[in-house]
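Numbering of residues begins at 1 and proceeds along the displayed sequence.
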Amino acid sequence: LAKVASTYFLQMLHQTENFPSVILRLFLTYGPGQDMQRFLPQTIRGCLEDKPFPTSSGEQLRDFCHVDDTITAIMHALDASKVEGEVFNIATGKPITIREMIQKVCKITGYGNPQYGHLPYRPGENMALYANISKAKKFLHWEPAITLDEGLKKTIDWYTKDHV
């Protein structure tokens, strides 16, 4: 609700006061240094410890965007002309299930014992949350460059170097 209110407020300021704002909707930015309470670092830790760890059934669709691509998108938004007052989705536009993400981490680390279905879905959980990034491609001249497998490898490598 706060994100929607902020978006409308900034758009209103742009329209009435010519306030120079660009709204970027970031979809699940991940990468090195992410807080250990987040989904991906917890999954990486669970796999590296090679102990059973609880997960939901993992049917949720999500759109994970590597932090380097997010930073590049922000830089493009700062440099782009005639985008003030606009809203852009910053993501890959490629949904993946939570279960598939866990399986990828298990494969890359060579470990993991996820216990699918041991955690319930959150009340009111959005089961499909992914983005259409065509507007960002067109107006910001941006699109993600880091594949999910490459981004996961970089992230897992970071966490295995004294960060877990």
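Linking ILVMFWY residues whenever their side-chain heavy atoms come closer than 4.5 Å, directly or via other members, leaves Phe27 and Leu24 in distinct clusters. A continuous path of ILVMFWY side-chain contacts below 4.5 Å connects Ile96 to Leu28, so both sit in one hydrophobic cluster. When hydrophobic clusters are built by joining Ile, Leu, Val, Met, Phe, Trp and Tyr residues whose side-chain heavy atoms come closer than 4.5 Å, directly or via intermediates, Phe9 is grouped together with Val87. Hydrophobic clustering (ILVMFWY, side-chain heavy atoms < 4.5 Å, transitive): Leu61 and Leu148 are in distinct clusters. In this structure, Leu78 is a member of the same hydrophobic cluster as Val83, with clusters built from ILVMFWY side-chain heavy atoms closer than 4.5 Å.
One finds the CD1 atom of Ile156 at 12.0 Å from the NZ atom of Lys107 (value rounded to the nearest 0.5 Å). One finds the CD1 atom of Ile108 at 4.5 Å from the CG atom of Leu152 (value rounded to the nearest 0.5 Å). Atom-to-atom distance recorded for Thr55:OG1 and Met101:CE is 13.0 Å, nearest 0.5 angstrom. Residue Glu143 holds its CD atom at 10.0 Å from NE2 of His76, rounded to the nearest 0.5 Å. With rounding to the nearest 0.5 angstrom, the OG atom of Ser57 is 12.0 Å from the CD1 atom of Ile98. Once rounded to the nearest 0.5 Å, the distance linking CD1 of Ile23 with OG1 of Thr7 reads 5.5 Å.
A salt bridge links Lys153 to Asp157: at least one charged side-chain nitrogen sits closer than 4.0 Å to a carboxylate oxygen.
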As a quick check of understanding, evaluate side chain to side chain contact (heavy atoms under 4.5 Å, CB included) for Ile44 and Thr155, giving each step before the final call. CA-CA 9 Å; Ile44 293 168; Thr155 303; 3.8 Å; yes
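A side-chain donor-acceptor contact under 3.5 Å links Asp69 to the backbone of Ala145. With Asp63 contributing its side chain and Ala131 its backbone, the two residues share a donor-acceptor pair below 3.5 Å.
By the 30° and 60° cut-offs, the orientation of the rings of Tyr30 relative to Phe64 is perpendicular.
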Could you pull out every donor-acceptor pair under 3.5 Å between side chains of residues 32-41 and any protein atom, sequence neighbours left out?
residue, atom, partner, partner atom, Å
Gln34, NE2, Thr29, O, 3.4
Asp35, OD1, Gln37, N, 2.7

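Between Pro144 and Ile133, the closest heavy-atom pair is CD-CD1, 3.7 Å. The two residues Ile90 and Thr70 have their closest heavy-atom pair at CG2-CA, 4.2 Å. The minimum heavy-atom distance between Ala80 and Leu140, with the atom names listed, is CB-CD2, 3.9 Å. Residues Gly85 and Gln11 share a closest heavy-atom pair of O-NE2, 3.5 Å. The two residues Tyr159 and Gly31 have their closest heavy-atom pair at OH-O, 3.9 Å. Residues Pro54 and Leu119 come closest through the heavy atom pair O-CD1, 3.6 Å.
Applying the 6.0 Å contact sphere to CE of Met127 captures more than 12 heavy atoms from other residues, nucleotides or ligands.
The shortest side-chain heavy-atom distance between Leu129 and Arg62 falls under the 4.5 Å cut-off.
With no hydrogens or angles considered, a side-chain donor-acceptor pair links Asn132 and Ser134 at under 3.5 Å.
Sorted pairs that involve residues 100-126 and meet ring pair (Phe, Tyr, Trp, His ring centres under 6.0 Å), not counting sequence neighbours, are lacking altogether. The salt bridge (Lys or Arg N to Asp or Glu O under 4.0 Å) pairs that include a residue from residues 76-99 are Glu86-Lys135, where partners are two or more places apart or lie in different chains.
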